[in-house]
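In what follows, a structure is listed as structure tokens, so that the remarks can point back to it.
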There are 2 protein chains.
Amino acid sequence: MLDVAILGLLMDRDHHGYEIRSQLRERLGVSANVSFGSIYPALARLERHGLVEAVAPGAPRAAAISTGSLAGERASLRSLRTSAGLGRRGRKVYRITERGRQEFHTLLADPTTVDDGKTFSLRVALARYLTPALRVRLLERRRQDLLERLAEVRQGADNPDLDAYARSVMSHAAHSVELDLEWIDDLLSIERSDSETFAHEAK
Amino acid sequence: MLDVAILGLLMDRDHHGYEIRSQLRERLGVSANVSFGSIYPALARLERHGLVEAVAPGAPRAAAISTGSLAGERASLRSLRTSAGLGRRGRKVYRITERGRQEFHTLLADPTTVDDGKTFSLRVALARYLTPALRVRLLERRRQDLLERLAEVRQGADNPDLDAYARSVMSHAAHSVELDLEWIDDLLSIERSDSETFAHEAK
DNA sequence: ATTCATCATATCACTTCGATATATCGACGA
DNA sequence: TCGTCGATATATCGAAGTGATATGATGAAT
């Protein structure tokens, strides 16, 4: 679901490929460094499908320059200079199209894809683009999946056929899933109190 | 690192492809269902490299039959019958070779590959095949990576540019990494107390 | 009897990864 | 001032993984 991630970043503002990689970590919480071997082909694909378009090299792009905070102590200095001057050599800045926006909402809400930890986190990070009802559906679906996984790893943690290391992995997986469940329950209770607030204000 | 996982399972006993998929979940704690589209090519690859070999269809394989506990309440009944009768149609059972064992130890201990959550868990699940010193190195390396990741997501959790959902993802990621760190510290303290026990007994 | 779920292997198109190549720019020291 | 180092930036390749789909055997249930 790299497509959703990229489109989600472009919903906010224009980006070029190199920047998307860092933004995935910084704004969407993606843990692995997504390789350029997936980002550039993905952008080409999205452009081919008319979901994004390249901004003309000379076009205004002041907002697309700031390089974020990960790059080190001199980042702010450098980014100031860069935004004052010209963009770098081959820099290709992409903008999301109207069709891209539609497709983004469809993909983000798509109920047929089963979430794993990564895609679920990604969807939550982009949850402001979902309706309250879709948010609740997303959370409850993941909750069910996690309950099943929990039963499985708890069984593994008690399995005397496994050695201490394998059992430890299972036991840690169980604790990790429990933490995930607490998080989801928190998010769900927030969704519910928000809708109460809304119902109250509607009176 | 599917190769290590498969070789690790075959260190214990012979397996066929279909069985490997369930064993990955049950014994090695792999959370995603690894697809057959990766397992069968991987087995073919390993056989091509001489790391595993197919046992003759009529060869003794009583130990390779039991189907595990996930298959439901009637599993034991069925497995009894199956082990009493013939093997299934195309079932191809693989055995690890001596070269395979060597390669397994090399891959498992390989210090050049950077672990993510999945490969690290996998290595811990197979940690009984590592020496105590290699286990400690594995754990401490991962510990360092997680400390860096923790700083990153904590920063994200406090980033006012992010909306509440994205910040929640970051904050949960931080808690999740903290849990991982506690686990690793537990494992490290066990390693240390084990080596003390050994030192004591050696006197 | 037939139909259904499970067991089992295999292959396909597409995506993703990791490595590598290429080039520019700014900073810093010799 | 020169060189080189690290960050910025795009691109491409082979290898590997995914999800879907096809095929077929076996045993259980109706």
Side-chain angles (χ1 to χ4, degrees), chain A residues 1-6 15-22 24 30 32-49 54 57 64-68 70-75 77-94 112-114 116 118-119, chain B residues 1-6 15-22 24 30 32-46 48-49 54 57 64-68 70-75 77-82 84-94 112-114 116 118-119:
Chain A
M1 288 261 131
L2 181 55
D3 292 11
V4 201
I6 293 178
H15 289 282
H16 54 93
Y18 188 87
E19 200 181 27
I20 282 172
R21 183 158 107 137
S22 46
L24 286 174
V30 174
N33 259 331
V34 179
S35 80
F36 292 123
S38 23
I39 288 174
Y40 291 117
L43 283 170
R45 197 168 59 234
L46 291 171
E47 190 174 23
R48 212 166 51 234
H49 294 344
I65 296 296
S66 93
T67 46
L70 200 72
E73 310 91 2
R74 286 179 298 274
L77 196 70
R78 190 154 51 226
S79 76
L80 273 174
R81 280 199 208 140
T82 311
S83 69
L86 294 324
R88 293 195 171 275
R89 184 179 65 105
R91 205 183 233 186
K92 256 201 255 181
V93 176
Y94 290 91
T112 64
T113 57
V114 180
D116 61 12
K118 307 217 165 183
T119 62
Chain B
M1 288 257 132
L2 182 55
D3 291 12
V4 200
I6 292 178
H15 289 283
H16 53 92
Y18 187 88
E19 201 182 26
I20 282 172
R21 183 158 108 138
S22 46
L24 286 175
V30 174
N33 259 331
V34 180
S35 79
F36 293 122
S38 30
I39 290 173
Y40 292 118
L43 282 169
R45 196 167 61 234
L46 291 170
R48 212 166 53 234
H49 295 340
I65 296 294
S66 92
T67 47
L70 200 71
E73 311 91 4
R74 284 178 298 275
L77 196 70
R78 190 155 51 226
S79 74
L80 273 175
R81 280 198 210 140
T82 312
L86 294 324
R88 292 193 173 275
R89 183 178 66 102
R91 203 185 235 186
K92 258 203 257 180
V93 176
Y94 291 91
T112 65
T113 58
V114 179
D116 62 11
K118 305 217 168 188
T119 61

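Order of the sequence lines sets the chain letters (A, B, ...), proteins ahead of strands, with each chain counted from 1.
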Quick note, A:V34 side chain, CB onward, closest among D:dA7, D:dT18, C:dC17 is C:dC17
Of C:dT9, C:dT16, D:dG17, the nucleotide closest to the side chain of B:R91 is C:dT9
Check side-chain contact (heavy atoms from CB on, under 4.5 Å) between [X] and all other residues, then give those that pass, not counting sequence neighbours.
{"X": "A:K92", "value": "A:Y94"}
{"X": "B:S35", "value": "B:S38"}
{"X": "A:V30", "value": "A:L24, A:L28, A:V34"}

From [atom1] of [X] over to [atom2] of [N], roughly how many Å is that when rounded to an integer?
{"X": "A:M1", "N": "D:dG19", "atom1": "CE", "atom2": "C1'", "result": "12 Å"}
{"X": "A:N33", "N": "D:dT8", "atom1": "CG", "atom2": "P", "result": "12 Å"}
{"X": "B:D3", "N": "D:dA15", "atom1": "CG", "atom2": "C1'", "result": "11 Å"}
{"X": "A:R21", "N": "C:dT16", "atom1": "CZ", "atom2": "P", "result": "15 Å"}
{"X": "A:D116", "N": "D:dG17", "atom1": "CG", "atom2": "P", "result": "16 Å"}
{"X": "B:L43", "N": "C:dA8", "atom1": "CG", "atom2": "P", "result": "14 Å"}
{"X": "B:H15", "N": "C:dA8", "atom1": "NE2", "atom2": "P", "result": "13 Å"}
{"X": "A:H16", "N": "D:dA11", "atom1": "NE2", "atom2": "P", "result": "13 Å"}

Residues forming a ring pair (Phe, Tyr, Trp, His ring centres under 6.0 Å) with A:F36, sequence neighbours excluded: A:Y18, A:Y40
Check the pair B:R45, B:D3 against side-chain contact (heavy atoms from CB on, under 4.5 Å), reporting the backbone distance first and the verdict last. CA-CA 9 Å; B:R45 196 167 61 234; B:D3 291 12; 2.8 Å; yes
Considering all heavy atoms, the nearest B:I39-B:G17 contact: CG2-O, 3.8 Å
May I ask you to list the residues of residues 35-42 of chain B, by number, that have any heavy atom positioned under 4.0 Å from an atom of DNA chain C? B:F36, B:G37, B:Y40
With sequence neighbours excluded, residues passing side chain to side chain donor-acceptor pair (under 3.5 Å) with B:T113: B:R123
side-chain N/O A:Y18 vs D:dT8 OP1/OP2, d < 4.0 Å: yes
